[in-house]
Structure formats: C-alpha cells, structure tokens
Amino acid sequence: MTTKNEIIREMKNAMEFYKELGFEYLPVKGLGLSFKKERESAPVRKSSPEAGSDKSDKAELLKMLREEIGDCRRCRLCEGRKNIVFGEGSADAELMFVGEGPGKDEDIQGRPFVGEAGQILNNLINKRGWKREEVYIANIVKCRPPGNRAPEDDEVGACMPFVERQIEIIRPKVIMALGNVATQSLLRIKTPISRARGNFFVYKDIPVMPTFHPAYFLRNPKEKILTWEDSAKVLEKLNA
Ligand code: URA
C-alpha cells in the first residue's frame, strides 16, 4: 500500500521535475503517482531483433541520400552556409523530430539542434525518458537561412524532397513537427502552430504531432508545459 510519506515524496519529485523544466505552475494532469509510471514506461521502443538488418539497410539508405545531396547548390541557401545539416539519430527511430532549419551553432557543427533551442529539445527528450541517439532529428531545410530568417517557399521546395525521403526511409511511428515551418511544410496546411499544436495530423499514414518550436520557449519559458502535454500524447501513441 502506498504510504502518505511515499505520496509526499512522489509529489515533491514531480514538483522538482517541473521546476527544472522552467515551469512556474503545475499542470493538473501528470501530477501525482501516475507521473512516475509514465516516465518508467517512456523509453522509445526499438524494433524487434529480426528487424536488425532492416536497420542497417535504413542506415545505408540514409547514407546514400546524404551522398546524393552532395555539396548541394539547389537553392541560394548554399551561399552562406558553412555545413549542410543532414540530420542525425537512429535510422530505426520510432520517433522523429522535424525542425525548421539550422541556426548558427548547427551550421558550424553540421548537426541539428545543438544550440540553445537544442538544449530545450534535449531536455524534453531526456525528461520524457527517451534518448537523443534513439530518436531521429532532421530539419525542413538543410542549410542555415541567413540571419536565422525563416526559409522561403522556394528554398523549402528545393529541400523538401530530402526530408520526405528521410521519413520514407526511417518510417517512424510518430513525427513531432517543431514550429510553423515544419508543420505547415510537412502537412501542407496554413494553420498557425498555436492552433495546430496538440492535435494529431497524418503525413503519409504517419501520425504527426505539431508543437511549438523549442526556440519559442527561449522567450516564453512558461509555455513549455504545452509541449510537455503534446509529448504526452506522442508517448501514448508510441506505447499503443
Ligand atoms: N532550429 C531548427 O529548426 N533546427 C535546428 O537544427 C536548430 C534550430
């Protein structure tokens, strides 16, 4: 039987957890004992061992896709970029995050979400009990738009086939689309992220959960709770 002290300890853990995430108030849902259970069941499941060779096929296909992109000159974003940021993570990921495009740090390192926004995404991934190397992280455009402006339609058009092929190869069980550009480009909708978020959409039979871009929380840390709630729905879908 759960004792009063155990309940108090669990509640304290939950409150510390939310505080660490930057929340200044507590969501009603997720408080209490069920919270611990949720974290314990969180790891992103891997495919069955038989799918092992499938995984290496996928890794090989991703490698070939990267080679096909080459030293890309398909749009003007090539002019200011330092590195192409292809994407990274498990070729066999059940969960894929799609962002907008590389920022300064990503451009320098050639890796997605390694700057300030990346720290916020990492936090979400870790706190949900997932591991960054188990998920896959990609962007709509693979080169940094100058001054971190949003990519223009023709730039998105030139790069879209690559993220589409990444999705086709990885075949994740769920996609989280981060922000307006990712959501609107993938789903071909114009709905603002503030209205789309929290609801599942479908991209070629794959459920897509739009949520705020992590960079949004640099200015609005209290709203992190909304993405936390969106990720709870993703977790549920992954575990279904
Ligand atoms: N913002 C993005 O959309 N993608 C990154 O990789 C980094 C910041």
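Just follow the structure's listing: the first ligand is 1, and inside any ligand the first atom is 1. Treat the numbers as computed from the prediction; the structure is a model and nothing was measured.
Side chain of Q184 to main chain of T191: a donor-acceptor pair is present (N/O by atom type, distance under 3.5 Å, no hydrogens or angles). For K58 (side chain) and I170 (main-chain N/O), a donor-acceptor pair under 3.5 Å exists by modelled atom type.
Note: an N/O pair closer than 3.5 Å links F113 and ligand 1 by distance alone. For a threshold of 3.5 Å applied to N or O pairs, the pair formed by E100 and ligand 1 contains at least one separation below that value. Between N139 and ligand 1, at least one N/O pair is under 3.5 Å apart.
Of all atoms in ligand 1, numbered sequentially from 1 with element shown, those under 4.0 Å from a heavy atom of H213 are 1 (N), 2 (C), 3 (O). Near G99, meaning under 4.0 Å from any of its heavy atoms, are these atoms of ligand 1: 3 (O).
Applying the side-chain contact (heavy atoms from CB on, under 4.5 Å) test to D71 and every residue at least two apart in sequence or in another chain returns R73, R81. Every residue meeting the side-chain contact (heavy atoms from CB on, under 4.5 Å) condition with Q119, not counting sequence neighbours, appears here in chain and number order: N122.
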Subject >> R144/E106 under salt bridge (charged side-chain N to carboxylate O under 4.0 Å, His left out): CA gap, chis, key distance, verdict >> reply: CA-CA 8 Å; R144 182 192 181 201; E106 291 76 20; over 6 Å; no
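For atom 7 (C) of ligand 1, the candidate residues are E88, E106, R144; the nearest heavy-atom contact is made by E106. Evaluated by nearest non-hydrogen atom to atom 5 (C) of ligand 1, the leading choice among A117, G101, P112 is G101.
Remark: K233 is not positioned above the aromatic ring of F200, lacking an NZ or CZ atom under 6.0 angstrom from the ring centre and at most 45 degrees off the axis.
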